[in-house]
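Every chain is numbered from 1, with letters handed out A, B, ... down the list of sequences. Keep in mind that what you see is a predicted model, and the values were worked out from it rather than measured. Any value given below was found using the heavy atoms of this structure, including those in side chains, with hydrogens, waters and symmetry copies removed.
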Number of protein chains: 2
Amino acid sequence: MPATIRDVARASGVHISTVSRTFSAPHLVNPETRGRVLACAEELGYRPNRAARALITGRTHNIGLIIADIANPFFPPLIKAAESQARQRDYHVFVADTNEDPIAEEELVHALAKQVDGVLLCSPRMSNSLIEQLSREVPLVVINRQVAGLPCVTMDVGQGARSAIEHLLGLGHRKIALLSGPRGSWTSREIRRAAGAAARAGGAELTVLGPNHPTGTGGGAVAEQVRRGDVTAVLAYNDLMAIGLIEGLDALGLRVPQDVSVVGIDDIALSRLTRPKLTTVATPTAAAGRTAVDMLLQHDTVAARGSRGGRGGTVDDRRTTAQVMLQTDLVIRDSTAPASAAAGRTRPGGAEDAPGPHRLAGPGRPTVTTGGVVAS
Amino acid sequence: MPATIRDVARASGVHISTVSRTFSAPHLVNPETRGRVLACAEELGYRPNRAARALITGRTHNIGLIIADIANPFFPPLIKAAESQARQRDYHVFVADTNEDPIAEEELVHALAKQVDGVLLCSPRMSNSLIEQLSREVPLVVINRQVAGLPCVTMDVGQGARSAIEHLLGLGHRKIALLSGPRGSWTSREIRRAAGAAARAGGAELTVLGPNHPTGTGGGAVAEQVRRGDVTAVLAYNDLMAIGLIEGLDALGLRVPQDVSVVGIDDIALSRLTRPKLTTVATPTAAAGRTAVDMLLQHDTVAARGSRGGRGGTVDDRRTTAQVMLQTDLVIRDSTAPASAAAGRTRPGGAEDAPGPHRLAGPGRPTVTTGGVVAS
DNA sequence: CTGAAAGCGCTAACAG
DNA sequence: CTGTTAGCGCTTTCAG
């Protein structure tokens, strides 16, 4: 039913190759004929079949984006940024959710492999070796973790965790808990390392609680441990956990930030909507999405053009690909307060339900280096 | 670099068609040969190229899902449900976000058309006529609106709005505002009609405010109008707007639910996390995603198999496709209270910051008909 | 500048 | 059960 290149050729009285050129190399065809062809195509509602084209050019103009969990509000900004960046370069993004299931992830990569020119992989669970293996099947850019030899874009959560701890130290906290993320997560490891170092340097005691499921429920589940842990402040693996923790603490009769200060990581939109508004480390997720697309496409065109070297050493070529790390910012809101605030005296009047102006940090973003890039 | 069917044929000493059969019709090939072929394929890391296969079978085993805004928490559950349902039937879902831009939507449909077997369209903005036109290019299932002659899955927001208004009437509210959604939205129209009728029947006055942008910001923007409107209760087009409104009201010194009751629609996860917890109309988004996939695939296989009738009347065939409407439920939480509650006396102690047990509605879901189906 | 021919990776009758 | 022969819709040499 849909018109093919042949229908257009017949209608406009030219050979199919002329029609083909009209669309893929317009400058190679006489303006007059081109006009005629275009008119016929328009009339017949013809549109080149990208899949057929891909079969021969080897370029689908699609890119795959594999996400552990779309419902995690951390991802949508990344997805949207990737999409708009891709669209600008005339690419489409196919997003696939895996429900945090590494098996599904692997299958998805295989299924996608032939339908896309490359895959952006946002997958905390998969093993490094599996990722490397998959990268031989389709060009990969890894997001949120580092894999030797592959292009990666990460956020400097280490720096973020350090800032968070220092902020807490500055408020007088000396007994701090860290809610770690899923086992095997690169991000969680980085946070732990940096937070540990910062705490040590400040003479504070850091208790690691976890691993935990990186959701609100996961955060709520450790509220009891936090209480027993006798700490005055907590740094959570992400905002969702931080928010869940605040809820859980609340149910236990502990108030944030009066009884315990809580810091999240990510700065998802939700963090501005909860009470108290969450102090958190903002990660530049949109920039990450854009950057990942750029890296994939660059890597891709390079691979397609630089045919001078011929075969051999393709693996070695990959080893030179860049690893980008984006800066993070601490944004101070209402979930942190001085450690000495044993009773709720930080806030004017009756805490959350005070109708007056919110105690939202004015400047908000001490470091303004968001989106800064460190290449290796 | 990736192995092709020919490589496998050569390696296993059979013709390529035998290899083909090994994968697409295993029962037609001698177990012994099949084993050999499979072994070689495994060794070479061969995987059938789905795009090439699609070119000839006409079945890509992909389905497209076009979403106005992935960042709207209403959609992720729908997306995930659609994906898992599709996966069960050996289909993949390609999700595309359009930033609420109808132009992008149309282009996306065109681009997707040849790479998928059908498209699920979740697109409040597009005109009916454009949708009909697109449906001639690729099988479409429309979500969240009704288009004559096309398969649609909607949620009974009319019923939901009615329950919400009746709940409000029961609490004694007589001056109610309705925050409408985007202009031209089917959902918004349904809500308005049903809410209007219910209010009239209950002898209440319903003021319509809008159209509005269906986001938190959109909701916050009308807080001032709501205050001036001198109403005691508000029904919002969706939860995001309801939450934004609550924030905005708060900034104006009005408390929810003491000064004004607010009801949302959707029951996104966030509604359980805000203070006060939002009373809202739960829409079965996951069921909608599943259903849409089922309808598309059924419609699809029917079209592929039922070749008995031959040509002719394809349009008429489509006219018989089902329109499914899923039931909604009112879930009562903390953002609604009796109209007479001029001062905060509904809740025990000091409102939101009371650390005690939350006043969350016990049973919660009066109607238990979620997922109920009404076919036409 | 345009046509002819070859073929991307695969499936689908049709013989054998 | 397996090989042969076409050909999906398109691009790309290569001649003219």
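Helical stems involving DNA chain D, defined as 3 or more consecutive Watson-Crick or G-U pairs under 3.5 Å, span C:1-11 with D:6-16, C:13-16 with D:1-4.
Regarding A:Tyr46, its OH atom lies at a distance of 7 Å from the C1' atom of D:dC10, rounded to whole Å. Here D:dA15 presents its P atom at 16 Å from NE2 of A:His15, a figure rounded to the nearest Å. Distance A:Asn49 CG to D:dG7 P: 19 Å, rounded to the nearest Å. Straight-line distance from the CG atom of B:Leu28 to the P atom of D:dC1: 8 Å, rounded to whole Å. Rounded to whole Å, atom C1' of D:dT11 lies 9 Å from atom CZ of A:Arg21.
Put simply, the residue from B:Asp97, B:Leu140, B:Leu112, B:Leu120 that forms a side chain to side chain contact (heavy atoms under 4.5 Å, CB included) with B:Ile66 is B:Leu112.
The listed nucleotides are D:dC1, D:dC10, D:dT2; the one nearest the side chain of A:Arg6 is D:dC10.
Proximity of B:Gln115 to A:Gln115: side-chain heavy atoms (C-beta onward) are nowhere separated by under 4.5 Å. At least one side-chain heavy atom of A:Pro31 sits under 4.5 Å from a side-chain heavy atom of A:Arg34.
For the P atom pair drawn from D:dT5 and C:dA6, the interatomic distance equals 16 Å after rounding to whole Å.
No engagement by A:Phe23 is indicated, since no non-hydrogen atom pair under 4.0 Å with the nucleic acid exists. Looking at heavy-atom distances under 4.0 Å, B:Val14 makes contact with sugar-phosphate atoms alone, never a base. Looking at heavy-atom distances under 4.0 Å, A:Arg47 makes contact with sugar-phosphate atoms alone, never a base. If you check every strand for non-hydrogen atoms under 4.0 Å, A:Ser20 touches a base.
A donor-acceptor contact under 3.5 angstrom links the side chains of B:Asp294 and B:Gln85, judged on distance only.
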Walk me through it: do A:Asp69 and B:Lys80 pass the test side-chain contact (heavy atoms from CB on, under 4.5 Å)? CA-CA 9 Å; A:Asp69 178 14; B:Lys80 296 181 82 105; 2.4 Å; yes
Starting from the C-alpha separation in whole Å, work towards a yes-or-no answer on side-chain contact (heavy atoms from CB on, under 4.5 Å) for A:Glu105 and A:Leu130. CA-CA 11 Å; A:Glu105 246 157 46; A:Leu130 180 53; over 6 Å; no
Test log, rule side-chain contact (heavy atoms from CB on, under 4.5 Å), inputs B:His92 and A:Leu108: CA-CA 8 Å; B:His92 280 290; A:Leu108 227 33; 3.0 Å; yes
Please determine whether side-chain contact (heavy atoms from CB on, under 4.5 Å) holds for the pair B:Thr18 and B:Asn30, giving the CA-CA distance in whole Å, both sets of side-chain angles, and the decisive distance to 0.1 Å. CA-CA 10 Å; B:Thr18 302; B:Asn30 185 314; over 6 Å; no
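Remark on DNA chain D: of its neighbouring residues A:Ala52 and B:Arg34, the 5'-side contact belongs to B:Arg34, judged by nearest-heavy-atom nucleotide.
Between D:dC10 and A:Ser17, no contact under 4.0 Å exists linking OP1 or OP2 to a side-chain N or O. Within the 4.0 Å cut-off from OP1 or OP2 of D:dT2, at least one side-chain nitrogen or oxygen of B:Thr33 is found.
For DNA chain C, the contact window with chain B, defined by any atom under 4.0 Å from a protein heavy atom, covers C:dC8 to C:dA13 in 5' to 3' order.
Classified by interplanar angle (parallel below 30°, tilted 30° to 60°, perpendicular above 60°), the ring pair A:Tyr46/A:Phe23 is perpendicular.
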